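These numbers were taken from a predicted model, which means no experiment stands behind them. Residue numbers begin at 1 in each chain, while the letters A, B, ... track the order of the sequences.
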Amino acid sequence: MRIEELPVDERVKRVIIERGIEELYPPQAKALKSGVLDGKNLVLAIPTASGKTLVSEIVMANKLLREGGKAVYLVPLKALAEEKYREFKAWEVLGLRVAATTGDYDSTDEWLGRYDIIIATSEKFDSLLRHGSNWIRDIKLVVADEVHLIGSYDRGATLEMILSHMLDRAQILALSATVGNAEELAEWLNAELVVSDWRPVELKKGVFHLGELVWEDGKRERYPENWESLAIDAVKRGKQALVFVNTRRSAEKEAVSLSSKVARLLTKPETRQLKELADSLEENPTNEKLKKAIRGGVAFHHAGLSRTERTMIEDAFREGLIKVITATPTLSAGINLPAFRVIIRDTKRYAGFGWTDIPVLEIQQMMGRAGRPKYDRVGEAIVVARTEDPKKLMEKYIHGKPEKLFSMLANEQAFRSQVLALITNFGVSNFRELIGFLEKTFYFHQRKDTSSIEYKAKDIVYFLIENEFVDMDMNDRFIALPFGKRTSQLYIDPLTAKRFKDAFPKLERNPNPFGIFQLIASTPDMATLNARRREMEDYLDLAYEFEEKLYTNIPYYEDYRFQTFLGEIKTAKILLDWINEVPEARIYETYSIDPGDLYRILELADWLMYSLIELYKLFEPEKDVLNYLRDLHLRLRHGVREELLELVRLPNIGRKRARALYNAGFRTQEDIMRAKVRDLLEVEGIGMKVVEGLFRHFGVEMPKGAKKGSKKAERVRKGTLDDFLK
DNA sequence: GATACGGATTTATAGACAGCATGTC
DNA sequence: CTATAAATCCGTATC
């Protein structure tokens with residue numbers, strides 16, 4: 001079907017044609033003929049990269065131009081929100097304003113009301129719904145990307161709930177990978193269903209076993225015995241490969257191992273560029289290995305890497321400079337990074353209680369990364385059989401059907417906060433109404449029965465009443481209490497809130513960083529760290545050393561909480577090191593964690609520290625304690641000792657610059673205000689830009705005529721700054 | 001008695017969303 | 001609980 005023939009607004013067609021697209025892919029055409037353009041709900045289950053995004057763009061733009069209102073585009077990852085934001089920006093030529101909102105950006109505020117297309121993570125949108133902004137009622141269309149995540153254990157319930165909320169209030173377009181029960185999903189959403197396995201780049205799938213590569217059609221090829229030859233072969237043919245493994249360590253090991261072989265296939269300029277790239281990386285233990293691999297044209301990719309390294313690797317791979325990436329599942333569902341050949345080394349993974357098969361759905365998502373549109377005619381996805389029976393793998397992952405989706409609403413933790421939100425934020429005022437709402441969910445649609453979830457809901461309501469999140473009046477009507485309402489808006493688990501509340505009396509008597517950090521680390525919202533066997537004794541000793549600083553008792557060895565407790569102590573110690581200005585590299589080494597892990601811990605601790613303070617405010621806070629907590633929060637955010645608190649409040653001054661300034665004798669804001677620019681510039685990490693920012697912050701006017709730009713202006717400004725700050 | 005070696009045993013294992021008010025080196 | 005590789009332990013050989 002040609003774009004020209006589409007029954008949509010002319011302006012929409014024009015934008016798409018200008019993009020160079022004239023013809024729709026078959027599944028796209030089928031989708032657009034399903035009735036979505038007339039406002040019907042649609043479940044679109046087609047492979048990645050077969051044009052789901054374009055369909056949603058057409059539907060969104062057309063709808064907004066014709067009817068006005070807003071469209072919300074839901075994504076599972078922040079990185080995807082950014083990616084979509086860049087793509088959708090193109091629609092601004094038609095006057096459609098695009099905004100992305102995740103936890104990194106703005107919050108509830110009404111500012112989103114000025115936008116037409118709003119991209120948000122599911123959790124963020126859930127949070128927006130809870131805050132009840134005015135513009136919510138203008139939403140005419142909700143696009144749910146990767147809707148199969150409704151079956152994910154920890155995050156599925158959120159997606160299910162927001163769709164339940166929006167079901168009768170807006171048109172729904174659900175984009176899904178191929179799943180076992182797409183019909184069931186479509187029925188629930190009262191939607192048309194379009195399923196297809198058509199791809200713009202043909203996908204060849206096969207299984208590799210001891211040098212023999214068997215394609216799905218039975219054709220065979222011989223290779224050297226080791227699976228690495230598959231990656232090397234791709235590089236020899238001028239292509240790239242993506243290797244999926246199941247542990248970080250494997251990713252690193254295989255990357256280094258492959259790099260020595262790939263290195264021989266590189267051109268001189270490539271080797272030079274790769275060396276430059278490797279040299280530009282920061283020094284830390286993980287990056288040592290990464291540098292080694294990169295010099296040979298290979299990189300590993302996992303969540304331990306910092307944001308900088310990750311994007312650097314992704315960009316270099318897209319450019320074709322890096323030939324092979326070995327990755328954990330970070331890359332399977334995240335940003336769009338296709339390769340000619342996808343090699344799946346592992347089909348099992350360790351899941352807390354043992355080894356489990358990776359679901360067909362996930363393996364197929366990985367395989368879907370094979371084939372670069374515009375570059376490759378076909379893409380190849382190969383599952384490696386190392387210990388498994390190759391026939392079984394072929395049957396299960398190549399010819400087999402993906403699993404059915406199951407509602408995860410009954411997941412205790414998720415359900416607990418959802419029930420609280422229903423009562424405190426969504427006006428559910430008695431138990432009957434609560435059950436009434438649950439009947440709109442996928443859970444109910446799938447089970448046709450609420451008895452077991454009713455039982456759970458009851459338990460949760462008792463828990464909420466007992467802990468003063470909500471109350472019940474004489475007529476069994478729910479009353480939202482401030483504690484409950486705030487908990488729900490802070491988006492923390494009620495259990496976290498309860499733990500905080502219970503600790504307040506002790507905290508008030510004895511506020512101290514270690515105790516507070518252990519408290520934060522003990523909540524279900526914090527990332528868990530495991531104390532390694534040989535570290536256990538050290539952390540136990542540490543716990544006893546700090547015993548009177550803790551707000552909890554040290555569990556006995558036999559206690560089931562013992563292991564997790566030591567993990568909490570480890571986490572608390574890391575945070576303590578952080579605010580005592582221990583260098584990052586030392587932290588990575590001491591605790592054997594990666595940059596990405598530290599970042600994650602700090603991010604969570606920051607959020608939870610804020611939440612702790614907000615909740616403390618509800619319980620007749622003592623002023624001194626409140627200020628103490630606020631200072632500690634600032635220290636945590638910037639990773640500084642107390643003496644730097646004043647400096648760190650200045651713009652563009654963080655951990656390193658504040659320390660440098662302090663050591664150079666600038667200990668207060670006053671010191672800096674009085675300092676000579678020349679002296680400030682002497683300090684490491686302080687340049688003209690930073691000084692300029694300080695200048696502005698102190699409210700000293702920029703001298704006229706000394707605006708940015710010409711060299712002359714620069715000179716003038718430099719000359720006058722001193723005078724102003726003397 | 002110290003050290004080097006090699007086989008046996010033990011250990012550890014993926015990822016990443018949320019508040020709020022603005023900017024690290 | 002299905003695996004696998006690295007780290008560590010431990011006994012033996014060697015100097």
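When the side-chain contact (heavy atoms from CB on, under 4.5 Å) test is applied to Q563(A), the partners found at least two apart in sequence or on another chain are N530(A), M536(A). Taking the side-chain contact (heavy atoms from CB on, under 4.5 Å) definition, one finds that P390(A) meets it with V207(A), H209(A), A385(A), sequence neighbours left out. The side-chain contact (heavy atoms from CB on, under 4.5 Å) test applied to T311(A) returns R307(A), E314(A), not counting sequence neighbours. Annotation: ring pair (Phe, Tyr, Trp, His ring centres under 6.0 Å) contacts of H165(A) (sequence neighbours excluded): F426(A), F437(A). Considering only residues two or more places apart in sequence or on other chains, Y153(A) meets the ring pair (Phe, Tyr, Trp, His ring centres under 6.0 Å) condition with none of them. Scanning for ring pair (Phe, Tyr, Trp, His ring centres under 6.0 Å) contacts around Y85(A) gives an empty result, with sequence neighbours left out. Taking Y73(A) as the reference, F88(A) meet the ring pair (Phe, Tyr, Trp, His ring centres under 6.0 Å) condition, with sequence neighbours excluded.
The phosphate of dC20(B) (OP1 or OP2) has a side-chain N or O of H131(A) nearer than 4.0 angstrom.
Within the 4.0 angstrom heavy-atom criterion, only backbone atoms of the sugar-phosphate kind lie near K656(A); the bases stay farther away. Looking at heavy-atom distances under 4.0 Å, L650(A) makes contact with sugar-phosphate atoms alone, never a base. R637(A) comes within 4.0 angstrom of a nucleotide base, judged by non-hydrogen atoms across all strands. Counting non-hydrogen atoms under 4.0 angstrom, H697(A) reaches nothing in the nucleic acid. Note on T387(A): only backbone sugar-phosphate atoms sit closer than 4.0 angstrom, heavy atoms only; bases stay farther off.
Ring planes of H633(A) and Y610(A): tilted class, angle from 30 to 60°.
Rounded to whole angstrom, the span from the CZ atom of R655(A) across to the P atom of dC25(B) amounts to 10 Å. Regarding L615(A), its CG atom lies at a distance of 11 Å from the C1' atom of dG19(B), rounded to whole Å. Rounding to whole angstrom units, CD of residue E252(A) and C1' of dA6(C) are separated by 12 Å. Between R696(A) atom CZ and dT22(B) atom P there is a gap of 16 Å when expressed in whole angstrom units. Atom CE in M609(A) sits about 17 Å away from atom C1' in dA21(B), given to the nearest Å. Atom CG of L602(A) is separated from atom P of dT24(B) by 15 Å (rounded to the nearest Å). Per the geometry, CG belonging to L634(A) stands 15 Å off P belonging to dA21(B), to the nearest Å. Rounding to whole angstrom units, CZ of residue R630(A) and P of dC20(B) are separated by 15 Å.
Remark on DNA chain C: of its neighbouring residues E254(A) and D357(A), the 5'-side contact belongs to D357(A), judged by nearest-heavy-atom nucleotide. Annotation: of the two residues near DNA chain C, R345(A) and T356(A), the 5′-most nearest-nucleotide partner is T356(A).
Applying the Watson-Crick and G-U wobble criteria (two distances, each under 3.5 Å), dT22(B) pairs with nothing in any strand. Pair check for dC17(B) finds none; no Watson-Crick or G-U wobble contact set falls under 3.5 Å.
With salt bridges taken as basic N to acidic carboxylate O contacts below 4.0 Å, one links R130(A) and D126(A). We find that K291(A) and E283(A) are joined by a salt bridge, their nearest charged nitrogen and carboxylate oxygen being less than 4.0 Å apart.
Applying the salt bridge (Lys or Arg N to Asp or Glu O under 4.0 Å) test to pairs two or more places apart or on separate chains, those with a residue in residues 481-495 of chain A are R416(A)-D493(A), R486(A)-E614(A). Applying the salt bridge (Lys or Arg N to Asp or Glu O under 4.0 Å) test to every pair with at least one member in residues 349-369 of chain A, sequence neighbours left out, gives these pairs: K348(A)-D357(A), R349(A)-E362(A), D357(A)-K396(A).
The one candidate from T330(A), D594(A), T286(A), T328(A) that meets the side chain to side chain donor-acceptor pair (under 3.5 Å) condition with R248(A) is D594(A).
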Tabulate atom names and distances for all N/O pairs under 3.5 angstrom spanning the protein and nucleotides 11-18 of chain B.
unit_1, atom_1, unit_2, atom_2, d
dA12(B), OP1, R533(A), N, 2.5
dA14(B), OP1, R248(A), N, 2.8
dA14(B), N1, R349(A), NH1, 3.4
dG15(B), OP1, A303(A), N, 2.6
dG15(B), OP1, T328(A), OG1, 3.1
dG15(B), OP2, R248(A), NE, 2.9
dG15(B), OP2, R248(A), NH2, 3.0
dC17(B), OP1, K78(A), N, 3.0
dC17(B), O4', R155(A), NH2, 3.1
dC17(B), O3', T121(A), OG1, 3.3
dC17(B), N4, R600(A), NH2, 3.1
dA18(B), OP1, G103(A), N, 2.7
dA18(B), OP1, T121(A), OG1, 2.8
dA18(B), N6, R600(A), NH2, 2.9

### Query
Pairs counted as Watson-Crick or G-U wobble with both distances under 3.5 Å: what dot-bracket string results for DNA chain C, using | for bases tied to another strand?
..|||||||||||||
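Using P as the reference atom, dA14(B) and dA6(C) are 14 Å apart when rounded to the nearest Å.
Listed by residue number, the members of residues 577-594 of chain A with any heavy atom below 4.0 angstrom from DNA chain B form an empty set.
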